[in-house]
Amino acid sequence: MSFINYSSREINCKIVYYGPGLCGKTTNLNYVYQKTNPDNRGKMISLATETERTLFFDFLPLALGSIRGFKVRFHLYTVPGQVFYDASRKLILRGADGVVFVADSQVDRLEANVESLENLRQNLAEHGSDLDKIPFNIQYNKRDLPDIASVEEMNGLLNPRGVPVVEACAHTGEGVFDTLKDIAKQVIMELKKKENT
Amino acid sequence: MGSQNFITAQVLERVEEELRGFRQAAKARVAFLIDGNGQLLGQAGDATKVDTTAIAALTASNMAASKAIAELVGEEKFGGVLHEGEDEHLHLSVVGGIAILVVLFDAETSIGLVRLRVKNTTKNLEALLIQGAEEGVSEEEDLSPFAEITEDDIDQLFL
Ligand SMILES: Nc1nc2c(ncn2[C@@H]2O[C@H](COP(=O)(O)OP(=O)(O)OP(=O)(O)O)[C@@H](O)[C@H]2O)c(=O)[nH]1
Ligand SMILES: [Mg+2]
């Protein structure tokens with residue numbers, strides 16, 4: 001849920017990166033952190049296991065500049081993708097203004113993507129939110145690997161609603177900022193919509 | 001935990017006045033109030049050496065996890081949470097169902113005194129936030145920064 005501080009003239013929005021284990025969520029945030037001017041970002045916090053799997057979440061606060069005198073800040077979070085961390089995923093998802101679904105393009109991860117997306121839909125519903133109505137996009141990650149599904153096939157399985165899709169290699173950073181920019185735009189346009197109603 | 005999606009300058013002023021009074025009475029180093037989603041609502045004391053953004057995000061998640069654990073063992077919630085360090089200690093407590101009071105303190109005071117003062121202050125803060133939510137945003141403040149926004153405005157952001 002976006003938060004406006006009228007005293008400091010700041011607006012804060014929350015973006016959550018969701019997706020199956022090892023799909024590359026943390027890699028996305030690491031890349032954003034590395035490529036962002038230190039003046040525009042806070043400390044990145046990663047609560048991870050010894051083997052660098054996300055245990056609770058990653059957190060990266062970004063200051064994106066100003067719009068009409070209001071400082072725009074985004075808080076990026078990732079969830080832990082491993083199936084048995086569902087209780088934690090639910091907590092992190094609460095209050096999200098927008099969600100990025102990072103899908104693993106490898107053929108043998110197609111089922112994991114479908115399950116994770118279904119899990120996202122359910123967890124949003126428990127917070128009284130509807131995946132078909134919130135700012136949402138999908139990143140097809142790991143396009144650099146050999147055994148990957150085609151974009152058409154992935155769209156058929158994961159994207160019946162036709163939300164924006166970005167092909168990426170989070171590893172090298174390809175598509176990472178395109179994904180972030182798209183979801184940021186959607187979130188801000190949603191704020192505009194709310195103010196106009 | 002529920003949350004409110006704005007704070008006005010007037011409410012922030014009242015909240016920080018309460019926090020200043022609390023900090024003095026409890027002899028705490030820093031006190032701040034965050035909402036359930038980890039947004040900083042107000043603070044008192046010298047927080048220059050403290051990364052309040054990071055602490056806010058972590059404590060909100062921590063409290064959300066505590067609450068979920070409490071529910072698993074059949075409690076509605078756990079009371080205050082204390083993190084004891086060598087020199088610095090952190091006390092967290094829920095403010096109604098809507099916010100979290102974070103208190104950083106050291107050997108200048110005692111956990112007994114902090115707990116005592118927290119009790120009163122969380123009640124006062126809850127009342128202030130509820131009152132603020134009822135007052136809403138005045139027309140003067142509500143400049144609708146986003147109503148007129150264009151794609152070009154968004155493109156000017158650093159991304
Ligand atoms: N080849 C390739 N590897 C990638 C890409 N993106 C991420 N990886 C690798 O995939 C592995 C897992 O990445 P993470 O970012 O930790 O995955 P995650 O989604 O955060 O995983 P959980 O925390 O368990 O949910 C790492 O070894 C990354 O280097 C990519 O685009 N291509
Ligand atoms: Mg991760």
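Reminder, nothing fancy here: chain letters follow the sequence lines and each chain counts from 1.
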Nearest-0.5 Å distance that lies between atom OG1 in B:T150 and atom NZ in A:K192
7.0 Å
Flag yes if more than 12 heavy atoms outside A:E118 fall under 6.0 Å of its CD atom; otherwise flag no.
yes
Under 6.0 Å from the CD atom of B:E17, do we count more than 12 heavy atoms belonging to anything else shown?
no
Taking atom CD of A:E52 as the centre, does the number of heavy atoms from other residues, nucleotides or ligands within less than 6.0 Å exceed 12?
no
Between A:K43 and B:T53, does the side chain to side chain contact (heavy atoms under 4.5 Å, CB included) criterion hold? Intermediate values first, please.
CA-CA 9 Å; A:K43 194 173 145 79; B:T53 308; over 6 Å; no
Kindly compute the distance separating CD1 (A:I188) from CG (B:D153), expressed to the nearest 0.5 Å.
9.0 Å
Ignoring hydrogens, what is the shortest heavy-atom contact between A:Y77 and B:A57? Give both atom names and the distance.
OH-CB, 3.6 Å
Closer than 3.5 angstrom, by distance alone: can the side chain of A:R94 be matched with the main-chain N or O of B:G36 as a donor-acceptor pair?
yes
OG1-CG distance between B:T8 and A:N5, expressed to the nearest 0.5 angstrom:
9.0 Å
Over 12 non-hydrogen atoms of neighbours within 6.0 angstrom of CD in B:E13
no
Tell me, do B:D35 and A:F3 make a side-chain contact under 4.5 Å, heavy atoms counted?
yes
Does the pair A:Y6 and B:L12 meet the rule for a side chain to side chain contact (heavy atoms under 4.5 Å, CB included), with working shown?
CA-CA 9 Å; A:Y6 286 97; B:L12 183 73; over 6 Å; no
So what's closer than 4.5 Å to chain A heavy atoms on B:D51: side chain, backbone, both or neither?
side chain
Does a sphere of radius 6.0 Å around NZ in A:K90 hold more than 12 heavy atoms from other residues, nucleotides or ligands, not counting ones at 6.0 Å or beyond?
yes
When rounded to the nearest 0.5 Å, the distance separating CG of A:L191 from CD1 of B:I149 is 8.0 Å
Please rank A:K185, A:M189, A:M44, A:H75 by heavy-atom pairs under 4.5 Å with chain B and give me the top one.
A:K185
Can you tell me if CD on A:E111 sees more than 12 non-hydrogen neighbours from other groups inside 6.0 Å?
no
Which atoms of A:S88 come close to chain B, meaning under 4.5 Å heavy atom to heavy atom: side chain ones, backbone ones, both, or neither?
neither
Going through the distances and angles, do A:F57 and B:L58 end up as a side chain to side chain contact (heavy atoms under 4.5 Å, CB included)?
CA-CA 10 Å; A:F57 59 82; B:L58 282 168; 3.8 Å; yes
Report yes if some heavy atom in the side chain of B:D155 is under 4.5 Å from a heavy atom in the side chain of A:K181; otherwise report no.
yes
Any chance you could measure B:M63, atom CE, to A:L91, atom CG, to the nearest 0.5 Å?
13.0 Å
